[in-house]
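Please read the structure below before turning to the comments.
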Amino acid sequence: MKFNCKQVTIEDEEFGCTVTFSEDKCEDERSIDKIMASQGQYILLQRTYAEDDFEDDYYYVEMSDFDKSGDLRHFNIDLYRNRFMMSDKNETIEININISDRKFEKLKTALNKIVNKNSPIKIHEKLT
């Protein structure tokens with residue numbers, strides 16, 4: 001999967017953290033449902049926090065090709081200033097991004113929360 005991202009959405013809330021890269025831009029940036037219903041490509045990375053001590057956090061990746069969605073723990077992630085790359089043994093995802101410095105800082109924080117040391121993540125401050 002490879003595409004140019006027109007919208008990066010970051011939601012960090014009480015019950016979890018979600019980052020969405022979308023090929024389409026929605027007027028309401030917080031509308032993940034609109035992004036998922038669009039015809040464009042997208043990838044959603046999510047960590048849902050456990051509700052009690054008897055549950056574990058849930059790590060999930062969803063792609064526009066739903067058959068490739070599932071557990072987030074099997075991916076390597078590289079974040080550059082202008083590119084997000086994610087790979088496992090079967091799939092390579094390359095997303096070109098163009099975001100402000102402020103949003104890049106938020107993205108770094110959110111991705112670290114989402115992977116929570118379960119997947120290798122490398123953050124590069126330079127362009128690719």
Side-chain angles (χ1 to χ4, degrees):
M1 175 186 285
K2 184 175 182 178
F3 65 89
N4 292 322
C5 180
K6 293 184 181 165
Q7 183 169 322
V8 177
T9 305
I10 301 167
E11 293 183 11
D12 190 0
E13 299 173 342
E14 180 182 354
F15 298 109
C17 187
T18 303
V19 170
T20 307
F21 299 93
S22 175
E23 185 177 45
D24 293 336
K25 186 170 177 106
C26 294
E27 288 183 31
D28 179 9
E29 190 172 306
R30 295 184 51 88
S31 181
I32 292 174
D33 293 334
K34 288 181 182 178
I35 291 169
M36 292 170 24
S38 72
Q39 297 298 313
Q41 296 184 87
Y42 73 90
I43 181 169
L44 177 144
L45 307 163
Q46 184 175 62
R47 175 181 175 195
T48 304
Y49 305 128
E51 292 184 24
D52 56 41
D53 293 338
F54 302 106
E55 294 180 359
D56 293 325
D57 290 358
Y58 183 63
Y59 303 88
Y60 178 70
V61 59
E62 180 174 309
M63 300 180 205
S64 47
D65 182 355
F66 196 73
D67 292 336
K68 296 178 182 176
S69 300
D71 193 5
L72 181 58
R73 298 175 204 234
H74 304 291
F75 289 91
N76 296 313
I77 297 173
D78 283 281
L79 177 65
Y80 294 87
R81 184 66 188 83
N82 63 338
R83 184 167 297 155
F84 172 84
M85 298 176 70
M86 193 166 126
S87 62
D88 70 359
K89 60 184 176 182
N90 300 317
E91 180 78 17
T92 298
I93 298 159
E94 185 176 327
I95 302 170
N96 296 317
I97 59 175
N98 183 12
I99 56 177
S100 68
D101 291 340
R102 183 172 177 234
K103 190 136 192 183
F104 184 68
E105 292 301 316
K106 287 182 179 182
L107 181 59
K108 291 188 309 187
T109 300
L111 287 174
N112 276 308
K113 278 185 181 181
I114 290 170
V115 298
N116 190 33
K117 300 178 185 174
N118 286 310
S119 291
I121 182 170
K122 293 179 187 172
I123 296 178
H124 310 270
E125 297 294 331
K126 61 182 180 168
L127 301 173
T128 56

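Hydrogens, waters and symmetry mates play no part in the numbers below; they use all other heavy atoms, side chains included. In this chain, residues are counted from 1 in sequence order.
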Checklist entry - So which pairs with a foot in residues 84-96 pass salt bridge (Lys or Arg N to Asp or Glu O under 4.0 Å), sequence neighbours left out? => result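 Of all non-adjacent pairs touching residues 84-96, those that pass salt bridge (Lys or Arg N to Asp or Glu O under 4.0 Å) are K2-E94, K68-E91, R83-E94.
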Checklist entry - What pairs meet the salt bridge (Lys or Arg N to Asp or Glu O under 4.0 Å) rule with one or both residues in residues 44-61, with sequence neighbours excluded? => result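 Salt bridge (Lys or Arg N to Asp or Glu O under 4.0 Å) check on residues 44-61 returns R47-D57.
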Item to check | For Y60, all residues meeting ring-ring contact (aromatic ring centres under 6.0 Å, His included), sequence neighbours excluded | outcome: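 Partners of Y60 under the ring-ring contact (aromatic ring centres under 6.0 Å, His included) test: Y58.
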Checklist entry - Looking at CG of N4 and CD1 of I97, how far apart are the two atoms once the value is rounded to the nearest 0.5 Å? => result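 Between N4 CG and I97 CD1, I get 11.0 Å after rounding to 0.5 Å.
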Checklist entry - Between atom CG of N90 and atom CZ of F75, what is the distance when rounded to the nearest 0.5 Å? => result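 N90 CG to F75 CZ: 9.0 Å, rounded to 0.5 Å.
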Checklist entry - So, for L44 and Y42, which heavy atoms are closest and what is the spacing to 0.1 Å? => result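 Heavy-atom minimum between the residues: N-CD1, 4.1 Å.
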Checklist entry - Among the clusters formed by ILVMFWY side chains lying less than 4.5 Å apart, do I114 and I123 turn up in the same one? => result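 Looking at the clustering, I123 is in the same group as I114.
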Item to check | Distance-only polar pair, side chains of Q46 and T18, donor-acceptor under 3.5 Å | outcome: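 Result is yes, a qualifying pair exists.
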Next on the checklist: According to side chain to side chain donor-acceptor pair (under 3.5 Å), who are the partners of D65, at least two apart in sequence or on a separate chain?
Outcome noted: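 Not a single residue meets the side chain to side chain donor-acceptor pair (under 3.5 Å) criterion with D65.
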Checklist entry - With E105, which residues qualify under salt bridge (Lys or Arg N to Asp or Glu O under 4.0 Å), at least two apart? => result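 Applying salt bridge (Lys or Arg N to Asp or Glu O under 4.0 Å) to E105 gives K108.
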Next on the checklist: A side-chain contact here means heavy atoms from C-beta on lying under 4.5 Å apart; do M86 and L45 qualify?
Outcome noted: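 Yes, close enough: below the 4.5 Å cut-off.
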Next on the checklist: Applying ring-ring contact (aromatic ring centres under 6.0 Å, His included) as the test, list every pair that has at least one member in residues 95-116; sequence neighbours left out.
Outcome noted: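 Not a single pair qualifies under ring-ring contact (aromatic ring centres under 6.0 Å, His included).
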Item to check | Exam field: side chain E23 to backbone Q41, donor-acceptor pair closer than 3.5 Å | outcome: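 Flag set: sc E23 to bb Q41 pair under 3.5 Å.
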Checklist entry - Given the rule in the side-chain hydrogen bond (donor to acceptor under 3.5 Å, both in side chains) test, do E14 and Y49 qualify, once you have shown the distances and angles that lead to the verdict? => result CA-CA 8 Å; E14 180 182 354; Y49 305 128; over 6 Å; no
Item to check | Whether over 12 other heavy atoms sit under 6.0 Å from N98 CG | outcome: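 No, not enclosed.
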